[in-house]
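Pasting a structure here, questions to come.
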Amino acid sequence: MQNTKAREHVLNTAERLFHARGYNAVSMRDIAEALQIRQASLYHHAPDGKEQLFVEITERGLQRHRKGLKEVIAQAEPGIEAQLLAASQWLVDHAPLKLLSMLETDMPVISFENAQKLTYLAHQSFFSPITELFKQAIENGEIRPVNPNQLAGHFLSMMDGISYTTTAGMTPVPMNELAEEMIDILLNGARVK
């Protein structure tokens, strides 16, 4: 379906609602009301309904993250710490991941095919670039041999947690400072030397 200015407005509004509330808590009526159009008019932009909008919006967001992460990592100084800092800054500057929430609450209620497609794309967009950083750091002798997939999972979980703690008002420390501290702990440990 061609992206006109009106359709782009629909996608952006739906994305904002899905991101704020999650898939289950948003109805086509909610989206239509936010757009100030009739619900029937919304089906012109999404003939297959809410799931079609959610999948398209999620694909678009994941592709944006994949491209952005790869670019900032490629432009960063060499070395695992600088590259992780660049990746964390990208994640701080853009919409919070809410990756675990998406996988746990949104994926089970959409079709199996769409859930598979989005889960794969999420892996390619987030885990693959970060896993590659850790693989390269192991090959370069920067860090000891540890499962790079697990390290990527820890890093992304930390970024999700940082997003949660700052938006929930649990800490006054800015997200980028928390990310720097978590990267230091991930790479160097929390022990006093």
Side-chain angles (χ1 to χ4, degrees), residues 1-75 86-133 149 152-153 155-164 166-168 175:
M1 184 168 267
Q2 186 178 8
N3 271 5
T4 62
K5 191 173 184 176
R7 187 156 195 283
E8 195 63 30
H9 183 56
V10 167
L11 293 174
N12 290 336
T13 300
E15 182 174 24
R16 183 176 41 79
L17 291 172
F18 285 134
H19 187 75
R21 300 187 211 165
Y23 179 78
N24 259 349
V26 175
S27 67
M28 289 294 274
R29 174 177 280 144
D30 294 332
I31 298 168
E33 286 175 4
L35 290 163
Q36 298 179 342
I37 63 173
R38 291 185 4 248
Q39 187 174 342
S41 299
L42 187 54
Y43 284 93
H44 169 73
H45 299 285
D48 294 333
K50 181 172 96 164
E51 186 168 325
Q52 177 188 358
L53 278 174
F54 178 76
V55 169
E56 186 172 346
I57 288 161
T58 304
E59 284 179 321
R60 180 173 83 161
L62 290 171
Q63 292 289 4
R64 192 170 45 236
H65 276 295
R66 181 180 186 180
K67 182 178 184 241
L69 275 173
K70 285 186 171 196
E71 285 176 5
V72 299
I73 290 167
Q75 294 168 2
S88 71
Q89 191 61 53
W90 167 266
L91 296 170
V92 165
D93 290 344
H94 295 81
L97 295 178
K98 295 188 177 178
L99 196 54
L100 288 176
S101 175
M102 182 180 80
L103 293 172
E104 291 177 351
T105 60
D106 298 334
M107 294 305 155
V109 295
I110 63 174
S111 73
F112 178 77
E113 294 79 19
N114 282 331
Q116 289 281 95
K117 178 170 62 171
L118 293 180
T119 300
Y120 175 78
L121 187 55
H123 186 270
Q124 293 301 306
S125 299
F126 292 111
F127 280 88
S128 290
I130 304 302
T131 299
E132 287 305 311
L133 286 182
N149 291 314
F155 172 77
L156 292 169
S157 294
M158 286 184 337
M159 292 306 299
D160 241 1
I162 288 169
S163 173
Y164 171 75
T166 55
T167 56
M175 284 179 70

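Fair warning: this is a prediction, and the values are worked out from it, not measured in the lab. Hydrogens, waters and symmetry mates play no part in the numbers below; they use all other heavy atoms, side chains included.
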* Asked: CD/E15 to CD1/I31 distance, rounded to the nearest 0.5 angstrom?
  -> 11.5 Å
* **Exercise: do N12 and R60 side chains pair donor with acceptor under 3.5 Å** =>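 Checked: N12/R60 side chains pair up, N/O donor to acceptor below 3.5 Å.
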* Asked: Hey, does H94 have a side-chain heavy atom less than 4.5 Å from the side chain of R64?
  ->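 No, every pair of side-chain atoms sits at 4.5 Å or beyond.
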* To do: With rounding to the nearest 0.5 Å, note down the distance linking CG in L121 to CD in Q116.
  =>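 Atom-to-atom, L121:CG and Q116:CD are 13.0 Å apart.
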* **Residue pair T119, M107: steps toward the side chain to side chain contact (heavy atoms under 4.5 Å, CB included) verdict** => CA-CA 8 Å; T119 300; M107 294 305 155; 4.1 Å; yes
* Heavy-atom closest contact (A32 atom, L42 atom, distance) ->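 Between these two residues, the closest heavy atoms are N-CD2, 3.9 Å.
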* Validation row: Y23, K50 side chains within 4.5 angstrom (heavy atoms) ->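 When only atoms from C-beta onward are counted, K50 and Y23 do touch, with a gap below 4.5 Å.
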* Asked: Does the side chain of H65 reach to within under 4.5 Å of the side chain of W90, using non-hydrogen atoms?
  -> yes
* Just wondering, more than 12 heavy atoms not from R29 lying within 6.0 Å of its CZ? ->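 No, not enclosed.
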* Structure fact -> Closest non-hydrogen contact found for L91 with L156 is CD1-CD2, 4.2 Å
* Asked: OG of S88 to CE of M158: how many Å apart, nearest 0.5 Å?
  -> 8.5 Å
* Structure fact -> Shortest non-hydrogen pair, L17 vs A34, comes out as CD1-CB, 3.9 Å
* Structure fact -> For L53 and A46, the nearest pair of non-hydrogen atoms, with its separation, is CG-CB, 3.6 Å
* To do: Measure the spacing between OH of Y43 and CG of D48 and express it to the nearest 0.5 Å.
  =>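 Reported value, rounded in 0.5 Å steps: 10.0 Å.
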* Do side-chain atoms of Q124 reach the backbone of R66 as a donor and acceptor pair under 3.5 angstrom? ->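 A pair under 3.5 Å: no.
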* Can you tell me how far CD1 of I130 sits from CG of L69, rounded to the nearest 0.5 angstrom? ->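 The CG atom of L69 sits 5.5 Å away from the CD1 atom of I130.
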* Asked: To the nearest 0.5 Å, what is the distance between CD (Q75) and NZ (K70)?
  -> 14.0 Å
* To do: Could you go through the side chain to side chain contact (heavy atoms under 4.5 Å, CB included) check for T131 and F126 one step at a time?
  => CA-CA 9 Å; T131 299; F126 292 111; over 6 Å; no
* To do: List the steps and the verdict of side chain to side chain contact (heavy atoms under 4.5 Å, CB included) for R7 and E56.
  => CA-CA 12 Å; R7 187 156 195 283; E56 186 172 346; 2.6 Å; yes
* Walk me through it: do F54 and D106 pass the test side chain to side chain contact (heavy atoms under 4.5 Å, CB included)? => CA-CA 9 Å; F54 178 76; D106 298 334; 3.7 Å; yes
* Check: I37 main-chain N/O paired with S41 side-chain donor or acceptor under 3.5 Å ->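 Pair absent, no side-chain N/O of S41 close to backbone of I37.
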* To do: Taking all heavy atoms of L118 and all of L62, pick out the closest pair and write down the distance.
  =>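 In this case the closest contact between L118 and L62 is O-CD1, 3.7 Å.
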* Asked: Hey, are S125 and Q63 close enough side-chain-wise for a donor-acceptor pair under 3.5 Å?
  ->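 No, no side-chain donor-acceptor pair sits under 3.5 Å.
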* Asked: Side chains of S157 and D160: is there a donor and an acceptor less than 3.5 Å apart?
  ->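 S157 vs D160: no donor-acceptor pair found between side chains.
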* Return the minimal non-hydrogen interatomic distance between Q52 and H45, and the atom names on each side. =>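 Between these two residues, the closest heavy atoms are NE2-O, 4.4 Å.
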* Determine whether T4 and H9 make a side-chain contact, defined as any pair of heavy atoms from C-beta on separated by less than 4.5 Å. =>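 They are not in side-chain contact.
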